[in-house]
Amino acid sequence: MVWFRKGLRVHDNPALDLARRGAARVYPVFVLDPRYLRPDPDAPSPGSARAGVARVRFLLESLDDLDSRLRRLGSRLLLLRARDDVSDAVCAALKDWNIGKLYFESDTEPYALTRDMRVTDFAAASGIEVFSPVSHTLFDPAEIIEKNGCRTPLTYQSFLNIAGEPPAPLTEEYSVLPPIGDTGEYELFSVPKLEELGYGDISQEHVPPFRGGETEALKRMRESLQDKEWVAKFEKPKGDPSAFLKPATTVLSPYLKFGCLSSRYFYHCIQDVYRSTKTHTKPPVSLTGQLLWRDFFYTVSFGTPNFDHMKGNKICKQIPWRESEELFVAWRDGRTGYPWIDAIMIQLRKWGWMHHLARHSVACFLTRGDLFIHWEKGRDVFERLLIDSDWAINNGNWLWLSCSSFFYQYHRIYSPISFGKKYDPNGDYIRHFIPALKHMPKQYIYEPWTAPLSVQEKARCIIGKDYPKPVVDHAAASKECRDRMGEAYASNRPSGGDPVKGNKALNSRQRKIYEDAPDSSKSKHPKKSS
DNA sequence: TCCGGGTTGGAGCC
DNA sequence: GGCTCCAACCCGGA
């Protein structure tokens with residue numbers, strides 16, 4: 001049996017390749033997970049508690065495509081439906097079909113580790129051999145950590161220093177797979193339509209411009225790599241987050257997330273392009289650098305207990321984030337009154353994808369920039385709605401953007417007004433995703449509350465009625481956030497609670513008293529005074 | 001203990 | 001578009 005979970009592809013699929021070499025009959029299985037798919041009527045948008053309909057749609061398209069590709073090779077996808085736990089369904093099929101060898105791609109996410117452990121325990125007890133190759137990432141996270149003296153690398157550079165060159169992908173193409181075995185009494189489902197999954201009326205839901213599946217992934221990759229100069233000059237931080245008709249990146253992330261595209265194959269193809277150009281950019285900003293970032297976050301997340309939480313997470317700054325359901329919901333639903341922020345959140349809701357820097361803008365705004373709301377709240381929204389949502393990368397970037405880990409320059413705050421304006425002064429991106437602002441003149445489109453009433457009337461958009469007033473004043477809110485971050489950092493300093501050391505840092509209360517003192521401005525380094 | 005480096009800030013200047 | 005300054009963070013290596 002080949003058990004598909006991620007890795008929804010035929011190319012560079014070591015689990016599938018090992019299975020076809022090792023058996024006369026192969027059962028390619030995918031189990032629909034009710035924990036992932038069960039409709040949640042209380043969710044803020046159609047879908048399950050874990051996934052919005054855009055990502056469910058992408059998954060179903062990917063399964064459909066995988067099934068067609070397997071059928072072309074004389075096989076097919078055997079789709080099972082778990083009643084509750086996926087591992088139970090796999091174990092039942094292993095037993096009922098009398099399987100001798102089980103192959104699946106290794107998955108390092110906590111949910112997957114628990115699920116897979118149940119299956120491997122059952123297999124061991126039943127005398128079933130298990131093969132679980134690493135092929136979702138360039139490297140094996142466990143191996144990287146071991147090479148680093150059993151310490152998890154916590155900076156990109158230290159990760160690069162030990163990573164080296166990734167293994168080559170499997171490139172052998174084959175025209176036939178062993179046929180499927182006897183499935184006995186099992187009812188074989190075809191891939192369901194989204195409409196059949198019980199998400200209610202989804203006819204009004206926007207269909208994202210990205211279609212799931214390996215076929216689409218390979219096509220998209222080839223199109224991206226065709227422009228060799230673009231590939232060679234790619235610098236991630238220089239991309240335009242407001243570009244939506246033709247995004248500034250490859251938008252291969254959803255395909256990498258589901259494994260429709262092999263990261264090793266993609267890396268290999270980029271290297272091919274580099275060989276044909278005189279010069280090319282390098283990590284961290286280059287295209288290969290992006291794949292290495294992905295592996296970096298997979299490695300750190302694997303080596304860090306409670307990576308997806310602030311509490312109990314050793315690498316995460318403990319910050320007293322503020323509770324505000326009202327502000328949180330305004331952010332989540334694209335009603336902050338800052339058009340740049342709201343347009344991005346609406347793009348997320350509709351497309352399940354936004355440019356990386358757009359994600360930065362809204363993540364900074366929610367956390368350390370303006371609202372001072374917990375990054376875990378934002379993480380949950382992204383995790384549910386993004387079609388490329390990936391546990392390691394999503395959590396890693398929320399830690400980054402909230403200045404909780406990896407990145408600490410909390411005084412660098414994205415302006416919800418000027419950051420978008422420098423890429424898109426006319427506000428076309430905003431006009432596209434927020435129709436209410438379509439006729440707002442460009443000089444007011446990023447700050448519509450400053451438009452005179454006559455202008456608002458002419459644009460048929462009254463602020464406070466047709467489009468919300470800003471929920472906070474950015475200048476004041478960001479100043480307050482900076483102060484709060486400074487206090488939180490002071491409390492996090494290891495020497496903060498140790499009275500023995502002479503150079504102890506001031507805790508937040510002491511610091512406040514110190515800074516309120518009349519002549520505090522004379523010393524630039526209060527923490528050094530003893 | 002010091003110093004250089006850190007994928008992606010903003011504002012003002014040329 | 002690129003430079004500098006702003007105010008100042010943490011980490012890793014020496």
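Hydrogens, waters and symmetry mates play no part in the numbers below; they use all other heavy atoms, side chains included. Naming convention: chains lettered A, B, ... in sequence-line order (proteins, then strands); numbering from 1 in each chain.
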Cation-aromatic face contact A:R220/A:Y255, 6.0 Å, 45 degrees: no
Distance from A:Y467 atom OH to A:I462 atom CD1, nearest 0.5 Å? 15.0 Å
Between NE2 on residue A:H360 and NE2 on residue A:H356, distance to nearest 0.5 Å: 3.0 Å
Atom pair CZ/SG of A:R368 and A:C481 - distance to nearest 0.5 Å: 9.5 Å
Per-nucleotide protein contact along nucleotides 9-14 of chain B, 5' to 3', at a 4.0 Å heavy-atom cut-off (B base, S sugar-phosphate only, - neither), is BSS---
Rounded to the nearest 0.5 Å, how far apart are CG of A:L8 and CG of A:L59? 6.5 Å
Out of curiosity, A:I346 CD1 to A:R349 CZ, how far, rounded to the nearest 0.5 Å? 10.0 Å
Nearest listed nucleotide, side chain of A:L357, among B:dT8, C:dC11, C:dC10: B:dT8
C:dC10 C1' sits how many Å from A:Y408 OH, rounded? 6 Å
Whether A:T367 side chain and A:W375 backbone form a donor-acceptor pair below 3.5 Å: no
Can you find a heavy atom in the side chain of A:L170 that is under 4.5 Å from one in the side chain of A:Y265? no
The answer to which of A:L154 and A:Y489 contacts DNA chain C further toward the 5' end, by nearest nucleotide, is A:Y489
For the pair made of CG in A:D483 and C1' in C:dA7, what is the distance, rounded to whole Å? 13 Å
With the threshold set at under 4.0 Å for non-hydrogen atoms, list the residues of residues 272-300 of chain A touching DNA chain B in residue-number order. A:P284, A:V285, A:Q290, A:W293
Closest-nucleotide 5' rank along DNA chain C - winner of A:K238 and A:K317: A:K238
Looking at C:dC9, I'd like to know if its phosphate oxygens (OP1 or OP2) sit under 4.0 Å from a side-chain N or O belonging to A:R493. yes
Is it the case that over 12 heavy atoms from other parts of the model lie below 6.0 angstrom from the NZ atom of A:K421? yes
Starting at CD1 of A:I344 and ending at C1' of B:dT8, how long is that distance when rounded to a whole Å? 14 Å
B:dT7 versus C:dA7 - spacing of their P atoms, nearest Å: 24 Å
B:dT8 C1' sits how many Å from A:N397 CG, rounded? 11 Å
Measuring only the C1' atom in each nucleotide, how far is B:dG5 from C:dA8? A whole number of Å is fine. 14 Å
In whole Å, what is the span from the NZ atom of A:K479 to the P atom of C:dA7? 12 Å
Hey, what's the ring geometry for A:W400 with A:F406, parallel, tilted or perpendicular (30° and 60° as the breaks)? parallel
Value in whole Å for how far the C1' atom of B:dG5 lies from CG of A:N161: 13 Å
Taking both distances under 3.5 Å as the test for a Watson-Crick or G-U pair, what stems of at least three pairs does DNA chain C have? B:1-6 with C:9-14, B:9-14 with C:1-6
Between A:K233 (NZ) and C:dG1 (P), how many Å, whole number? 14 Å
Cation-aromatic face contact A:R412/A:F407, 6.0 Å, 45 degrees: no
Here the pair of heavy atoms bringing A:E61 nearest to A:F210 is OE1-O, 4.2 Å
Which whole-number value in Å describes the distance from A:L399 CG to B:dG6 P? 21 Å
